[in-house]
Engineer: 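Sharing a structure, written as structure tokens. Questions coming.
Numbered from 1 within each chain, the chains take letters A, B, ... in sequence-line order.
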Protein chains: 4
Amino acid sequence: MSRISTTQKSRKMPSQERSRLTVDAIIQASTYILTEVGWKGFTTNAIAERAGVNISSLYQFFPNKEAIVAELQKRHAAEMSDELHKILQLVSLQGSLKQVLTLLVHMIVEKHKVAPAVHKAVLEEVPLTLKTSCSDADSQLRILFLEALKPFMQNVPNPELAIHIITVTAQALINNIIVERPKLLQGTEIVTELVALYEYYLERPTATTLP
Amino acid sequence: MSRISTTQKSRKMPSQERSRLTVDAIIQASTYILTEVGWKGFTTNAIAERAGVNISSLYQFFPNKEAIVAELQKRHAAEMSDELHKILQLVSLQGSLKQVLTLLVHMIVEKHKVAPAVHKAVLEEVPLTLKTSCSDADSQLRILFLEALKPFMQNVPNPELAIHIITVTAQALINNIIVERPKLLQGTEIVTELVALYEYYLERPTATTLP
Amino acid sequence: MSRISTTQKSRKMPSQERSRLTVDAIIQASTYILTEVGWKGFTTNAIAERAGVNISSLYQFFPNKEAIVAELQKRHAAEMSDELHKILQLVSLQGSLKQVLTLLVHMIVEKHKVAPAVHKAVLEEVPLTLKTSCSDADSQLRILFLEALKPFMQNVPNPELAIHIITVTAQALINNIIVERPKLLQGTEIVTELVALYEYYLERPTATTLP
Amino acid sequence: MSRISTTQKSRKMPSQERSRLTVDAIIQASTYILTEVGWKGFTTNAIAERAGVNISSLYQFFPNKEAIVAELQKRHAAEMSDELHKILQLVSLQGSLKQVLTLLVHMIVEKHKVAPAVHKAVLEEVPLTLKTSCSDADSQLRILFLEALKPFMQNVPNPELAIHIITVTAQALINNIIVERPKLLQGTEIVTELVALYEYYLERPTATTLP
DNA sequence: TATGAATGAGCGTTCATTCAT
DNA sequence: CATGAATGAACGCTCATTCAT
């Protein structure tokens, strides 16, 4: 399965104000189509038409369709990352594990409530084969999480793995809830449950051993 | 988003043995293409060619492409379900929570190791829009889990939600590990961690309350 | 400059009578467009439309545009080859060099008169990069020429090269005349000249040496 | 002072001088692309980018793509012509036919060896439909050839046609050899053969008649 | 019934060329 | 004037699906 590198010759970055608008229109149209129509309708022609720009203009700024998807993901990840960043720095040095966890989980859930459509679309519609590793944003995020939660860990043999498990499961669960049980997002139950899930996982009474 | 009815009944009940073989050939070819080539190569023509059946024959047994995907997922889910069924019945009445959890998680992990390609393909390649809710198989499974783990629960306000959380997170985590850290599957660490994650989540020392 | 092999997976050969007609229609339409419109108008869509077949049908029998060009050339070369074959076998064993040469050149010229449009189109319109080596037909032809003319050669150091030179120059000259001086084809002058050109080249009075 | 002159320059001369540079850059870029990439990559945008000039500037000096091709051919033809000019004037009045022919053919071959890439590109990549008749350069050249070789002709009924035949066939053969048998260019065999071909064609023992 | 042939709709992408600043 | 941005018109090609034998 040969894949063309997504980051090939990224077409000219817009230098004039005019083209900045064009690029924004394309991104906006892409977002709209992905969220409202889905991946099947996510065609370059449709995007250009919805953006009100010529298809060739689209290709002047994005070398191919994948690049649009990548940009979408990049922007989405950056948004999330920024916000998390701020909050993490605020809460990291104060409070109990439960308090910190509550804040973190609450924040994640809130973040997902804000733009659930985009989030869902990026996560659900884009074929996983096209997903950029997001490693930059993700790994940075995990480092922050690690630093914020490490002080509370007890008997955790592999803190980095624990953080990995937490972030992956939290993301997955919230996404699943968005899709399958959206009403749960409106209460606090889901936050409570996730805090409960992770609290004792990090503060283990004794080392976990197989009997 | 208008969707064409996905789950029309398969046009023809394979009453004869020949039909059964044809359908199997199609399913087998579909599986091969999905795992070895990916969703992009998953075209009805390609499937028919690989299956050695005429494209029209394919459409005699499957009303459209989605039906093939649905059948694939159905078979895959059924396979998993069956196995889980058996094991769950074996272990449900004996041992401690940790033992039961260990067995369950170990089993899930093992199951994923056996056919990771198919699993990954069904999970990663098929656009989520096409994913049948799998509610039949899944909900049955969750009932089994619920029955197996309920006796151990302490201070769990919503057992059904807890099971939901466990199954969703476990699936997600294992899938993530298959994709991003496949080497972890070879050791027992991941099982240990998941057991640790769920053990105290189900046997909570005291009711979880926000301070 | 990477080239994709032209002879990749040549699509299904037509087995039914119906598709034979389709292929013929495509070839005929291709010929028409190439001769009457030129390379610039030689698009697969135009060919299909002119042929009265669906564009997809075209691609059912030709893997890509190059394959159509190749088929065109193949058929054209085969036609020429066949005729030359026959005539060469007739004249090879009788007459003087001048007579044989006259027949050969006359035949080539006549052949070009018959289908000058196709010939010109294949030779002039198709970018040389797409020209198949034609080695099969051409080399066979040259072998025939060699056998027919070798008995007459005197003091020719490299008969095979001489044949190469003769065929290449004859082709080129006639093509040039078709394009630039078509009226010359109507008289016998051009035949006379070519015979004169080749006659003494093959029957050299003495070995050619540099003084 | 220098400032004034500079201003003057930048108003008048330099604009012409600049234009020249721009045109040269375009021509140079065109040559590069045609030789190194081929006709398929020969797009106005690519040319402008490679030349380091804006696409609109390109269209300020060339009304369309064809004009670039024409200029390319014109310059190439002029180059060849110039050189031939000089040599022809040198050799025309001395030596035997064989000597003159040898010099001429040798010169043509050498000329092709020098810039075979450009030559080949202009000849092979440009669709023949776009080829300018080159009549200016070519006909001038042929006149020179005619004057140089006419004194040696014996029993040649149509000297002008003979020259036409010689130039066309020589060009074609050498081009063919560049493409198909480039190794032949390294020896003298090809020169010898061409001289042999033309020598007796021009000095015919007796008038050529059909029996 | 099983098969080869057919097809409409559309996709991603390009390019020669022109506008507008 | 020079430049970045814009654009219309295609182009090569695919695919899910249906027809006709």
Engineer: How would you label the contact of D:Phe62 with the nucleic acid (heavy atoms, under 4.0 Å): base, sugar-phosphate, or nothing?
Structural biologist: nothing
Engineer: Determine: side-chain N/O of C:Ser19 to OP1/OP2 of E:dG4, distance under 4.0 Å, yes or no.
Structural biologist: no
Engineer: Do A:Asp24 and A:Arg18 meet the salt-bridge criterion of a basic N to acidic O distance under 4.0 Å?
Structural biologist: no
Engineer: So, D:Ser56 versus D:Asn54: side-chain donor-acceptor pair below 3.5 Å or not?
Structural biologist: yes
Engineer: Regarding C:Ser57, tell me which of base, sugar-phosphate or nothing describes its non-hydrogen contacts under 4.0 Å with the strands shown.
Structural biologist: base
Engineer: B:Thr43 side chain N/O closer than 4.0 Å to the phosphate oxygens (OP1, OP2) of F:dT14?
Structural biologist: no
Engineer: Could you provide the dot-bracket string of DNA chain F, using ( ) for intrastrand pairs, [ ] for crossing pairs and | for bases paired to another strand, with Watson-Crick or G-U pairs below 3.5 Å?
Structural biologist: .||||||||||||||||||||
Engineer: Select one nucleotide: of E:dT7, F:dA5, F:dC11, the one nearest the side-chain heavy atoms of C:Asn45.
Structural biologist: F:dC11
Engineer: Report which part of the nucleic acid C:Leu58 touches: base, sugar-phosphate, or nothing (heavy-atom distance under 4.0 Å, all strands).
Structural biologist: nothing
Engineer: In terms of the nearest nucleotide of DNA chain F, which residue is placed more toward the 5' end: B:Ser56 or B:Ala46?
Structural biologist: B:Ala46
Engineer: Answer with base, sugar-phosphate or nothing: what part of the nucleic acid does A:Thr44 contact at a heavy-atom distance below 4.0 Å?
Structural biologist: base
Engineer: Any side-chain N or O of D:Tyr59 under 4.0 Å from OP1/OP2 of E:dT17?
Structural biologist: yes
Engineer: How many Å lie between CZ on A:Arg18 and C1' on E:dT21, as a whole number?
Structural biologist: 7 Å
Engineer: Here's a test of your reading of the structure: between C:Asn54 and D:Pro63, which maps to the more 5' nucleotide of DNA chain E?
Structural biologist: C:Asn54
Engineer: Are OP1 or OP2 of F:dA2 and a side-chain N or O of D:Gln60 less than 4.0 angstrom apart?
Structural biologist: yes
